[in-house]
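Everything below concerns the one structure shown next.
First listed ligand is number 1; within each ligand, the first listed atom is number 1. The first residue of the sequence shown is numbered 1, and numbering continues consecutively from there.
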Amino acid sequence: MAKKQKTIITCAVTGAIHTPTMSDALPYTYDDIAKQAIEAAEAGASILHLHARDNVTGAPSVNPDDFAAFLPRVKQATDSVINISTGGSLTLSIQDRIKPAKTFSPEMCSMNMGSMNFSFHPLANRYKDDDWKFDWEKEYVANSDQNIFRNTFRDIKEAADTLAPHDIKFEHECYDVGHLYNLKFCMEVGLFKAPIFIQFIFGILGGIGPEVDNLVFMKRTADRLFGDDYRWSVLGAGGAQMSLASTASQIGGNVRVGLEDSLFISRGKLAESNAHQVSKIRGIVEDLGCEVATPDEAREILDLKGGDCVSF
Ligand code: KMH
Ligand code: ZN
């Protein structure tokens with residue numbers, strides 16, 4: 001029997017869904033993003049999926065200057081694989097969203113595999129008008145019911161072609177089964193080379209729900225479409241985060257946690273930090289008999305270019 005590969009933990013540190021009002025633990029200043037990313041790596045995350053935010057207001061940002069303020073610090077303090085988001089802020093153009101990855105040429109970046117509704121507007125109802133810490137937050141959250149997260153085939157091709165010279169491995173974000181077929185098509189026309197890395201995403205309003213049946217369905221479909229040419233990981237949004245990650249780790253998958261995807265550590269209890277979630281999933285994965293991959297092991301499993309081939 002083939003030896004089971006070690007489990008790669010990705011930590012998505014801040015993202016663009018949650019806002020500062022929702023949890024004091026959500027990092028948004030340069031210092032806090034750097035600090036929490038470093039602590040997450042120390043706790044066992046071998047990949048850090050990073051977005052930037054405005055240092056003062058915490059609004060999601062795709063300005064390369066906002067990334068430049070923390071990327072070198074994270075690189076110097078850890079050996080982790082840096083993965084820069086190209087999802088950025090959900091309503092921006094693909095040209096703006098790929099600027100940070102183009103500028104910094106990281107080992108990995110995200111690549112969203114289809115257009116979709118992408119909403120978190122129900123979160124706005126949890127807060128009273130006086131609760132919001134910053135002016136932009138309420139409208140940003142409440143208006144997400146009109147978001148179309150645009151990732152057309154032309155957008156995907158533009159991102160792939162622009163980033164190809166940088167030899168970046170993509171975290172293919174697949175929010176529903178159709179996105180796997182989009183990815184298959186893109187491979188057939190030569191946009192991406194094996195082994196690809198798929199992030200199965202469950203529980204985003206607009207995507208597939210967080211049931212185990214859906215995880216099995218996504219995995220079976222990917223097995224059929226990609227055979228041995230893919231590695232995979234699971235991201236359960238919100239309350240599904242830990243349970244789906246644990247299940248994935250038991251059937252050969254890698255896992256993604258972090259405050260981008262859920263603010264909680266257990267039902268109704270906010271996580272203290274990104275490292276808090278990483279430590280928890282690491283404990284579960286190890287207790288259940290799997291080993292966690294180091295950054296260099298993750299590089300080998302995913303066939304990455306190496307931490308010294310980045311531009312920051
Ligand atoms: N926030 C996640 C559900 C990206 O950065 O490109 C998806 C994500 C997208 O991480
Ligand atoms: Zn992201």
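At the Zn ion (ligand 2), the vertex angle linking NE2 of His49 with OE2 of Glu260 is 120° (nearest 10 degrees).
Protein heavy atom at the shortest distance from atom 8 (C) of ligand 1 is Glu260 OE2, 3.4 Å.
For Asp79 and Arg299, the salt-bridge test passes: some basic side-chain N is under 4.0 Å from an acidic carboxylate O. Note on Lys184 versus Asp229: no salt bridge recorded, every NZ/NE/NH1/NH2 to OD/OE distance being 4.0 Å or above. A salt bridge does not link Arg53 with Asp32: every distance from a Lys NZ or Arg NE/NH1/NH2 to an Asp or Glu carboxylate oxygen is 4.0 Å or more.
The part of His49 lying near ligand 1 is the side chain, judged by heavy-atom distances below 4.0 Å. Of all the heavy atoms of Met111, none lies under 4.0 Å from any atom of ligand 1, so neither backbone nor side chain is involved. At a heavy-atom cutoff of 4.0 Å, ligand 1 is contacted by the side chain of Arg256 but not by its backbone.
Taking 4.0 Å as the cut-off, His51 counts as a neighbour of ligand 1 on heavy-atom distance.
Every atom of ligand 1 with a heavy atom of Ser85 under 4.0 Å away is listed here by number and element: 4 (C), 5 (O), 6 (O). Listed by atom number, the atoms of ligand 1 under 4.0 Å from Ser110 heavy atoms are 4 (C), 5 (O), 6 (O).
Ring geometry for Phe70 against Phe67 counts as tilted: the plane angle lies between 30° and 60°, on a 0 to 90° scale. The aromatic rings of Phe134 and Tyr28 stand perpendicular to each other, their planes meeting at an angle above 60°, with 30° marking the opposite boundary. In this structure, Trp132 and Tyr127 have tilted ring planes: the angle between them lies in the 30° to 60° band.
Between the choices Phe120, Tyr175, Phe170, the shortest heavy-atom distance to atom 9 (C) of ligand 1 belongs to Tyr175.
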Trace of the side chain to side chain donor-acceptor pair (under 3.5 Å) decision for Asp261 with Gln241
CA-CA 7 Å; Asp261 304 331; Gln241 183 185 60; 4.8 Å; no

Phe192 vs His172, test: ring-ring contact (aromatic ring centres under 6.0 Å, His included). Steps then yes/no.
CA-CA 10 Å; Phe192 306 121; His172 293 283; 4.5 Å; yes

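When only interatomic distances are considered, the shortest N/O to N/O separation between Ile204 and ligand 1 does not fall below 3.5 Å.
Within His51, NE2 is the N, O or S atom that lies nearest to the Zn ion (ligand 2).
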